[in-house]
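Remember, it's 1-based here, ligands and their atoms both numbered in the order they're listed. All of these numbers come straight from a predicted model, not from anything done at the bench.
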Amino acid sequence: MFPDAGPGSPTVTAMRARELGRKSVVVGDRVGLVGDTSGAPGALARIVRIAERRSVLRRTAEDDATTAEGRLERVVVANADQLVIVSALADPPPRTGFIDRCLVAAYDADIEPLLCLTKADLAGPEAVLGYYTELELPYVLIRPDSDLAALRALLAGRVSVMVGHSGVGKSTLVNRLVPEADRAVGTVSAIGRGRHTSTSAVALGLPPHRDSHDAPGWIIDTPGVRSFGLAHVSAESLLHGFPDLVEATVDCPANCQHTAEEADCALDAWVAAGKADQRRLASYRRLLASRSGEGDAREPERNPGDPLAGS
Ligand SMILES: Nc1nc2c(ncn2[C@@H]2O[C@H](COP(=O)(O)OP(=O)(O)OP(=O)(O)O)[C@@H](O)[C@H]2O)c(=O)[nH]1
Ligand SMILES: [Mg+2]
């Protein structure tokens, strides 16, 4: 009932059938259709079933699950294999706190992360990559004139979703990957904030990859987000976004909360011994704190040490 849309298959217009009740259909869902699926002009099909989701990428408006905003949970996309975390190296500046949040969301949803650093023509990647040295985080560097071979190879045959702040170049990249995509591209204002050019998530079929006989895969462009709320992720699961720290916690006392107030938390010794970056531990603890409403709600994804941090 959920066959793959092969190359050349028609684009079908479909409505959600009433029997789906309150279940909503999100980008990436595989659905069962009835009615006119010919794709002919004016043809309308109905979505009568949603297949079980292989993965669900969620985010909340805020981190604090005790507030109404915090509980407002959005499904970003279903069935993604790969989370492409798009961060510009300048204009707007990279925020490792934001990237850390995306990593938590990816590991929590069992989706593989890929760091995509755009605007490499404007600034070097050293500061960002230095922060992630301890992680085996795959990354690609993008500049306007770079050939996209490395990225294309990583996207081939998979469903990838791009997330990132507004103005980092997600739609620009999608247009390069899928020339007929024709996604609107914005200008970045002087203060480095885009104006949220894209307003909805759209999945686009990738062109076939020369080294792969699998289905070519999909890339999903999403609207820019200001922050990536994690109220839906338990305190325990937050740690999974920090594979460079997780090993240390086997030496923690039982029920250790890993906060700075825990006198015997093994994470401090781990960092002191040079096994992980102190800034990563600080970022993890900042996430822990923001769950209980103690964090800085204004700029939740800014870490000290980021360009412009503290300004
Ligand atoms: N210098 C430089 N500019 C780039 C690069 N990639 C994108 N841009 C510019 O950045 C601006 C924003 O690009 P978009 O593709 O609209 O950004 P977006 O991430 O889709 O933004 P939203 O849709 O608002 O989330 C445009 O003016 C692009 O031309 C790059 O690699 N280098
Ligand atoms: Mg866009």
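- There is a path of hydrophobic side-chain contacts, each under 4.5 Å, that joins L206 to V202.
- Close contacts of ligand 1 with P144, meaning ligand atoms under 4.0 Å from a residue heavy atom, involve 30 (C), 31 (O), 32 (N).
- Polar contact with ligand 1: absent for T222 (N/O pair, distance under 3.5 Å).
- Residues I220 and V56 fall into different hydrophobic clusters, defined by Ile, Leu, Val, Met, Phe, Trp and Tyr side chains chained together at heavy-atom separations under 4.5 Å.
- For A109 against S55, the heavy-atom pair with the smallest separation is O-CB, 3.8 Å.
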Notebook entry, point to check: Going through the distances and angles, do N79 and R30 end up as a side chain to side chain contact (heavy atoms under 4.5 Å, CB included)?
Noted result: CA-CA 8 Å; N79 298 317; R30 304 175 62 89; 3.8 Å; yes

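- Considering both main-chain and side-chain atoms, G167 comes within under 3.5 Å of ligand 1 through a nitrogen or oxygen pair.
- Set against the non-hydrogen atoms of V168, the atoms of ligand 1 under 4.0 Å away are 17 (O), 19 (O).
- Among R143, K119, M162, the residue whose heavy atom sits closest to atom 5 (C) of ligand 1 is K119.
- Ligand 1 places these atoms under 4.0 Å from at least one heavy atom of D121: 1 (N), 2 (C), 30 (C), 31 (O), 32 (N).
- Of the polar atoms of L122, none of the N or O atoms is found under 3.5 Å from an N or O of ligand 1, judged by distance alone.
- Contact annotation: S166 places no N, O or S atom under 2.8 Å from the Mg ion (ligand 2).
- A salt bridge does not link R152 to D147: none of the charged nitrogens lies less than 4.0 Å from a carboxylate oxygen.
- Ligand 1 places these atoms under 4.0 Å from at least one heavy atom of T172: 6 (N), 7 (C), 13 (O), 14 (P), 15 (O), 28 (C).
- For ligand 1, the polar-atom distance check against S171 finds a nitrogen or oxygen pair separated by under 3.5 Å.
- Taking hydrophobic clusters as Ile, Leu, Val, Met, Phe, Trp and Tyr residues chained together by side-chain heavy-atom distances below 4.5 Å, L148 shares a cluster with V86.
- In the vicinity of G224, heavy-atom distances shorter than 4.0 Å reach the ligand 1 atoms 25 (O).
- A donor-acceptor pair is defined here as one N or O able to donate and one able to accept, closer than 3.5 Å; such a pair exists between the side chain of K170 and the backbone of H165.
- Here the side chain of W218 pairs no donor or acceptor atom with the backbone of G157 at under 3.5 angstrom.
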